[in-house]
Amino acid sequence: MTALAIQRRHLIPFRSSLLPQIFTDTLVVGSGVAGLRCAIEASTAGDVIVLAKESLDLSSTNWAQGGIATVLSADDSIAQHESDTLESGAGLCDPEAVSVLVREGPDEVEQMIAWGMRVDREADGSVSLGREGGHRQDRIVHADGDATGAALAAALIAKVRGIGSVRMFNRCFALDVLTSDDAGHRRAAGVLTWHSRFGLQIVWARAIVLACGGAGQVYRETTNPKVATGDAVAMAWRAGATVADLEFMQFHPTSLYVAGAPRHLISEAVRGEGAWLVDAAGSRFMQSVHPMGELAPRDIVSRGIVEHLARTGQSHAFLDCRHLGGGQPGAFARRFPGLDRMLAGFGLDASRELIPVNPAAHYTIGGVLTDLSGRTSLRGLYACGESASNGVHGANRLASNSLLEGLVFGRRVAHAIAADALPDPAPVHTESRIDVPERGDLDVADIRASLRSAMWRNVGVQRSATRLADVLKMIEFWGRYGLHAVFERPSGWEAQNLLTVSHLMARAALERVESRGTHWRSDAPEPDPRWRVRLAWTPGHDRPIRVALPAETHG
Ligand SMILES: Cc1cc2nc3c(=O)[nH]c(=O)nc-3n(C[C@H](O)[C@H](O)[C@H](O)COP(=O)(O)OP(=O)(O)OC[C@H]3O[C@@H](n4cnc5c(N)ncnc54)[C@H](O)[C@@H]3O)c2cc1C
């Protein structure tokens, strides 16, 4: 891959011998579903430290609305969930990874309920199951209507707090993975961290788990919290690990489109309950696009909206929820209390008026390449959750499969760490010398805003070779001074990570000359069977490795 002009090994200069050092068995970077599930399991075999760069509960996990997809009903089957996942993945799922996800999912969800997660229930006490786009059965477990993530995060945090061998450091930013030589093998040995109270420290660990969530913040329009800045991919890349599938970013079709408001997600579950997508004239347009209409897979709905708006010259679409619950007053508020409150904050009432919506970046499908147990290409470094690319989602994630992925693969990483039983890393005297440049007046907020707008315009729902080449030039230019600078606080380090990840994403999107799943190229609008490969990129190599996939069998 054409490298960015400046890509240092570490973000800042440091000398380990001058820094406080902490030792643990497992270091988990991230306190979302994947990190916490991993920490709980890893705590049975040793000490664990969990880092969160803000508060423990500021995560996509805590914001998740719709639910967790899993097979709990007798009308449903593992084969059907598997088949829906493969279909959504548009030919790029690793069938073995999908099989692991759906087979191990039900036990994980039962485990969460046993650990105290509240879930919504039917009058007979059975778990209430909803339906979302791309699912052919009701299998979405939800809590408090539309606050599933908060219920899951609360249960996991409570569980972790009760385990003496897990320490949680919040407001502690991981800057870089440190490596050492272990009998001729390069391995991950520690992480350079910055704590808002204690400053720089090094945490040495036998196993390091990247569970930092996604990279939605590379886009101006995103449903993601501010912590989603792609730090795992950037750290892993600087440490020499392989990354994959970065051309695939899922755009959620329906985020609230109100000037000045953050792009709040209007959950798929709203369309699952029967809401319609309409244009300014009140006409439904998804039925002519796909037989599943508004409940088609997300990539198809996002594309359907963008194409319809371009054809009709309109700026946004609308969700029509007025008929839900037979049009009974209060029906929307009863089923979606959180959304109803959020909309009321903008003076909107879904039971009486149309809700303005547009697509926004939502889920980072690509990430640090792992095997089915979360092992990356760098010994001692593991990844799970949205930071990882394990082949489960293919070219398009099936709705509500990601919380499930965090649970299943978080636990699997802990088992891999126990099985690998790596020795303690010998703490190394490591230092990073960087000539500190003249401190100019770099406006980090302006770099971030310019990058995010450029990514939205050129690497958004619709891409083309010309636009991708243009944005790569822009990122390379910003990288010349943005990556040369040395910052002292997380906002600057995040900006540097965003530059690195954006470059990787745009480069991968340029490489894949076809349209598949979430990756839509106007200059190559059809899927091409020659591209039924995953693209894996390793630092120092100009070209990606094409990872071939076995045939899929749909149940
Ligand atoms: C609005 C919204 C709604 C969603 N709804 C659903 C849904 O209904 N069902 C579903 O399955 N999925 C849903 N998703 C997706 C799902 O929530 C995420 O994919 C999943 O929660 C990711 O979990 P995670 O553990 O990988 O990361 P996260 O939950 O994002 O946690 C990331 C953690 O990493 C930490 N971190 C990041 N970088 C650093 C660093 N450098 N140093 C230290 N700590 C760091 C953060 O502080 C945070 O603790 C939704 C996402 C959003 C944004």
Side-chain angles (χ1 to χ4, degrees), residues 11 27-39 49-70 105 130 132 140-143 146-153 156-157 168-177 191-195 203 209-217 222-235 250 252 254-256 262-269 272 338-339 342 360-365 367 383-388 393 397-407 409-410 490 493-494 497:
L11 287 179
L27 172 64
V28 179
V29 187
S31 64
V33 56
L36 293 178
R37 183 66 188 91
C38 176
I49 290 176
V50 178
L51 307 184
K53 66 179 171 180
E54 296 278 344
S55 59
L56 285 182
D57 59 0
L58 181 52
S59 61
S60 293
T61 299
N62 201 35
W63 285 20
Q65 298 178 359
I68 313 177
T70 204
E132 292 188 349
I140 314 297
V141 177
H142 46 88
D146 52 10
T148 312
L152 176 61
L156 285 166
I157 290 173
M168 320 260 257
F169 297 175
N170 55 12
R171 301 187 206 291
C172 186
F173 188 98
L175 284 94
D176 267 308
V177 174
V191 169
L192 176 67
T193 67
W194 179 87
H195 192 286
V203 184
V209 183
L210 297 177
C212 308
Q217 287 291 333
T222 181
T223 64
N224 286 193
K226 64 177 183 170
V227 292
T229 50
D231 298 355
V233 167
M235 272 190 278
Q250 183 174 75
H252 197 288
T254 53
S255 74
L256 179 65
R263 295 295 176 243
H264 288 288
L265 178 79
I266 314 277
S267 161
E268 193 118 15
L339 275 178
M342 183 275 287
H362 184 57
Y363 183 84
T364 312
I365 292 171
C384 52
E386 203 168 328
S387 295
H393 304 300
R397 173 189 72 124
L398 182 64
S400 284
N401 264 358
S402 42
L403 292 176
L404 190 69
E405 181 200 358
L407 292 171
F409 287 89
W493 302 325
E494 285 179 348
N497 287 341

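As the structure is a computational prediction, the values presented were derived from the model and not from experiment. Index from 1, following the sequence. Order of appearance sets the numbers: ligands from 1, and atoms from 1 within every ligand.
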Any nitrogen or oxygen of Asn224, side chain or backbone, less than 3.5 Å from one on ligand 1?
no
Under 3.5 Å, N or O to N or O, is Ser387 touching ligand 1 that way?
no
Tell me which protein heavy atom sits closest to atom 20 (C) of ligand 1, plus the residue, atom name and distance to 0.1 Å.
Thr61 OG1, 3.9 Å
Ser31 to ligand 1: N or O pair under 3.5 Å?
yes
Counting heavy atoms only, which of His142, Glu386, Glu54, His393 is nearest atom 26 (O) of ligand 1?
Glu386
So if I count the atoms of ligand 1 from 1 in the order they appear, which ones are less than 4.0 Å from some heavy atom of Cys172?
42 (N), 43 (C)
Side chain, backbone, both or neither: Ala69 near ligand 1, heavy atoms under 4.0 Å:
neither
Taking 4.0 angstrom as the limit and counting only heavy atoms of Ser59, give me the atoms of ligand 1 inside it, by number and element.
28 (P), 29 (O), 31 (O)
How does Val33 reach ligand 1, if at all, at less than 4.0 Å between non-hydrogen atoms: by side chain, backbone, both, or neither?
both
Quick one: nearest non-hydrogen protein atom to atom 2 (C) of ligand 1, plus distance?
His362 CE1, 3.6 Å
Just need the protein heavy atom nearest to atom 42 (N) of ligand 1, so name the residue and atom and give the distance.
Ala174 N, 2.8 Å
Which atoms from ligand 1 have a heavy atom of Ala64 less than 4.0 Å away?
3 (C), 4 (C), 5 (N), 6 (C), 7 (C), 13 (C), 17 (O)
Backbone or side-chain N or O of Ser55 under 3.5 Å from ligand 1 N or O:
no
Is there a polar contact, in the sense of an N or O pair closer than 3.5 Å, between Gly67 and ligand 1?
yes
Polar-atom distance check: Ser60 versus ligand 1, any N or O pair below 3.5 Å?
yes
Show the atoms of ligand 1 that are less than 4.0 angstrom away from any heavy atom in Ala34.
25 (O)
Heavy-atom contact under 4.0 Å between Arg397 and ligand 1?
yes
Does any N or O in the side chain of Thr193 come within less than 3.5 Å of the main-chain N or O of Cys172, such that one atom is a donor and the other an acceptor?
no
Side chain or backbone of Asp231 under 4.0 Å from ligand 1, or both, or neither, by non-hydrogen atoms?
side chain
Would you mind running through ligand 1 and noting each atom that sits below 4.0 Å from a heavy atom of Ala211?
32 (C), 33 (C), 34 (O)
Report the part of Ser267 in contact with ligand 1, treating N, CA, C, O as backbone and CB onward as side chain, heavy atoms under 4.0 Å; options are side chain, backbone, both, neither.
neither
If you count the atoms of ligand 1 from 1 in the order shown, which ones are under 4.0 Å from a heavy atom of Leu403?
9 (N), 10 (C), 11 (O), 12 (N), 17 (O), 21 (O)
Side chain or backbone, does Cys384 bring an N or O within less than 3.5 Å of an N or O on ligand 1?
no
Do Val29 and ligand 1 have an N or O pair less than 3.5 Å apart?
no
Sub-3.5 Å N/O-N/O distance, Pro225 and ligand 1:
no
NZ/NE/NH1/NH2 to OD/OE distance under 4.0 Å, Lys226 and Glu54
yes
Name the closest protein heavy atom to atom 44 (N) of ligand 1, giving the residue it belongs to and the distance to 0.1 Å.
Lys53 N, 3.1 Å
Could you work out, with ring pair (Phe, Tyr, Trp, His ring centres under 6.0 Å) as the rule, every residue matching Tyr363, not counting sequence neighbours?
His393
Exactly one of Val33, Leu36, Thr148 should register a side-chain contact (heavy atoms from CB on, under 4.5 Å) with Thr61. Which one does?
Val33
Looking at atom 3 (C) of ligand 1, what's its closest protein heavy atom, distance included?
Leu265 CD2, 3.2 Å
Once ring pair (Phe, Tyr, Trp, His ring centres under 6.0 Å) is applied, do any residues pair with His142, and if so which ones, sequence neighbours excluded?
none
Considering both backbone and side-chain atoms of Tyr363, is one of its nitrogen or oxygen atoms within less than 3.5 Å of a nitrogen or oxygen in ligand 1?
no
